[in-house]
Amino acid sequence: MKTLALDIGLKRIGIALCIDKSIAMPLNAVIRKNRNQAAKEIKDLILEYNIDVLVVGIPIGGLSEDEMKRRIKHFVDLIGFEKEIFFVDESFSSKNAQELQIANLKKKDGKLDSLAAYLILKSFYGIV
């Protein structure tokens, strides 16, 4: 079974892949030019990796929670994924990714966003 995790932002979408609920890895982020282009790139990844489950981070708490939930769910609808989708709390995933600082990650290239998606995926499956 293959799972794709998404950390959806307004400029970048962090992406991570998990195989058999045990092996997880960050992938290259999608840099958003517009939502249709970004949705197509995610669809292409879903087909390329034959994804069975989608795990999507949603920030819980904060003043813009409802607006972000609405935007994220709308974006996921654009993807048109027909299998299982889980929306999970992604609070602090970006902050935790920054704290790891495995490499000299720059926010603009999306590596930090994909590391956040990787942490969401690890938490979802309880991968140590």
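Computed from a predicted model, the values in this text were never measured in an experiment. Residue numbers start at 1 and run along the sequence shown.
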#### Entry: Contact summary for Leu4 and Leu27, nearest pair of heavy atoms
CD1-CD1, 4.1 Å
List the atom pairs, donor and acceptor, that lie under 3.5 Å between side-chain atoms in residues 48-57 and the rest of the protein, sequence neighbours left out.
from	atom 1	to	atom 2	distance (Å)
Asp52	OD2	Lys2	N	2.9

### Task
Could you tell me whether a side-chain N or O of Asp20 sits under 3.5 Å from a main-chain N or O of Met1, the two making a donor and an acceptor?
yes
#### Entry: For the student: nearest non-hydrogen atoms of Gln37 and Ile31, plus distance
NE2-O, 3.1 Å
#### Entry: Non-hydrogen side-chain atoms of Thr3 and Ile19 separated by less than 4.5 Å
no
### Message
With heavy-atom distances below 4.5 Å as the criterion, would you say the side chains of Tyr125 and Ser22 are in contact?
### Response
no
#### Entry: Ile72 reachable from Phe81 in the ILVMFWY side-chain graph, under 4.5 Å edges
yes
### Summary
Between Ala16 and Ser114, the two heavy atoms sitting closest are CB-O, 4.3 Å
### Task
Begin from the C-alpha positions of Ile127 and Leu121 and carry the test side chain to side chain contact (heavy atoms under 4.5 Å, CB included) through to its verdict.
CA-CA 8 Å; Ile127 300 170; Leu121 198 48; 5.6 Å; no
### Message
Checking Leu78 against Asn36 for the side chain to side chain contact (heavy atoms under 4.5 Å, CB included) test, could you report, in this order, the C-alpha distance in whole Å, the side-chain angles of both residues, the deciding distance, and whether it holds?
### Response
CA-CA 7 Å; Leu78 289 176; Asn36 292 326; 4.2 Å; yes
### Task
Give the minimum heavy-atom separation between Pro26 and Leu115, together with the two atoms involved.
CB-N, 4.3 Å
#### Entry: Value rounded to 0.5 Å, distance of NZ in Lys69 from NZ in Lys73
6.0 Å
#### Entry: Rounded distance [0.5 Å steps], CZ in Arg12 versus CG in Asp7
9.5 Å
### Query
If you look at every heavy atom in Ile42 and Ile15, which pair is closest and at what distance?
CD1-CD1, 3.6 Å
### Query
Taking only residues at least two apart or on different chains, which pairs with a member in residues 29-43 satisfy salt bridge (charged side-chain N to carboxylate O under 4.0 Å, His left out)?
Lys40-Asp44
### Message
Looking at every heavy atom in both Ala117 and Ala5, which two are closest together, and how far apart are they?
### Response
O-CB, 3.6 Å
### Task
Calculate, to the nearest 0.5 Å, the distance between atoms CD1 and CD1 belonging to Ile58 and Ile120 respectively.
10.0 Å
### Query
CD1/Ile85 to CG/Leu6 distance, rounded to the nearest 0.5 angstrom?
9.5 Å
